[in-house]
Amino acid sequence: MSPQSLDLRPAPGLMDTLAEQPLDPMLMVLHLLRNDPRPDKIDLGIGVYRDDSGHTPILQSVKAAERHLIETQTSKDYLSPEGDAAFVAALAPIVFGTEPDDTAWGMQTPGGTGALRLAAALLHRTNPDCRVWIGTPGYVNHAMLMQAASLEVIEHPFFDKPTQTLLFDAMMSALNEVRRGDAIVLQSGCHNPTGVEFSHDQWQVLAQFLNDRGVVPVLDMAYQGLGSGLDDDAWGLRHVLTQVPEALVCVSGSKNFGLYRDRAGALWVQGSNPNSVRRARTNLNLMARTLWSMPPDHGAAVVRIILTTPQLNALWRSELDVMRERLTGLRHDLATAVPEFETVKRQSGMFSLLPLDRDQVTRLRIEHGIYMVESGRINIAGLNQGNLPVFASALRSVL
Ligand SMILES: Cc1ncc(COP(=O)(O)O)c(C=O)c1O
């Protein structure tokens, strides 16, 4: 081989083989928002609670628990892949309304996302052919988390954006295709992104169906207390658990404790008997070990202190009431200001999916400095008494 024919260019590296990935739509909104110099821009994108001044506060109950934690914590030794068992025990009655019996067992996870990821891993381990049904439109990460565990995802209708209607009949007819051993992801209360909720009757029909057809519910509750109250928001979840032998319950403390970055969450398994739950526990321990080894402690410790200290528990509940009432009030105000969107006041929680198309969302951003997810999802908590009239008049101008 002559020296001229030698290819001296460096061989492509491993990273060169990667396909460029699109920016997450949420991060795209954030990027555009941060680069918008307009001082009166309105952020209805990111899904975090905001107070009337647009700030995401640290709850007073959290601050007090953190102070207590710093004064009393004597070690940062490892806990275990199961995390803080006392946190899980303190959270259980909030989630289930009662103490779970020996056919249910829970562990701490890094946020609700960790719980969902571990639930997906368990589903795959128990049945690699399990298909996971997810309503559309839904929380974008649900499908990605299930697929990350090599599970097949099948979408079913859930909500019609133009008419703002929950498509229960269409959903049930699509679900007719389920196979025994499939799973379904269901949000209990404060649906992200639509804010709609099954009626009690619909939960009953659905729970019966899941039991009859042997479908495992993955119940995701990320906004408990921010819709209609701690018990009401958990009604569907609790009802389903009474009707089916096996279920997975994923809970997030990110929103209702305002602990977003501290990653406090939990996963419970409900099994048909104590032995199957014990087996699930050993498998979950092993899988958590290879996913994150141990969950971060701080957020869960804070929740444990709040829930086990009567004064802080009461303070937290009153802070949650304030957040919920603020969201409900804003929904009413928006529906009054823009009667075309009166359905917003019948929805609950942090989000609504407004019947806007992509052009209208773009015009709101460019002409009015109003930021929301491209789908038309708004974070109700991003509104306040100052910007709500501005938002309402901008909405009217693009309708
Ligand atoms: C429906 C739903 N489930 C789960 C999560 C995950 O919550 P976390 O931040 O605790 O991981 C979110 C977060 O936005 C969510 O909206």
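All figures in this text were calculated on a predicted structure; none of them were measured in a lab. Read the numbers this way: they start at 1 and go in the same order the structure lists the ligands and their atoms.
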At less than 4.0 angstrom from any atom of ligand 1, which residues have a non-hydrogen atom? List them by chain and residue number. Gly111, Gly112, Thr113, Leu116, Tyr139, Gln187, Asn192, Asp220, Ala222, Tyr223, Ser252, Ser254, Lys255, Arg263
Any luck finding a side-chain donor-acceptor pair between Asn283 and Arg279 under 3.5 Å? no
State which residues pass side-chain contact (heavy atoms from CB on, under 4.5 Å) with Pro137; sequence neighbours excluded, sorted by chain then number. Phe159, Pro193, Thr194, Leu353
Contact between Met287 and Pro81 at the side-chain level, heavy atoms closer than 4.5 Å - yes or no? no
Would you tell me whether Tyr139 and Asp220 have side-chain atoms, one donor and one acceptor, within less than 3.5 Å of each other? no
Quick check on the 6.0 Å ring-centre criterion: do Tyr223 and Phe351 meet it? yes
Going by atom types alone, do Asn192 and Arg377 pair a side-chain donor with an acceptor below 3.5 Å? yes
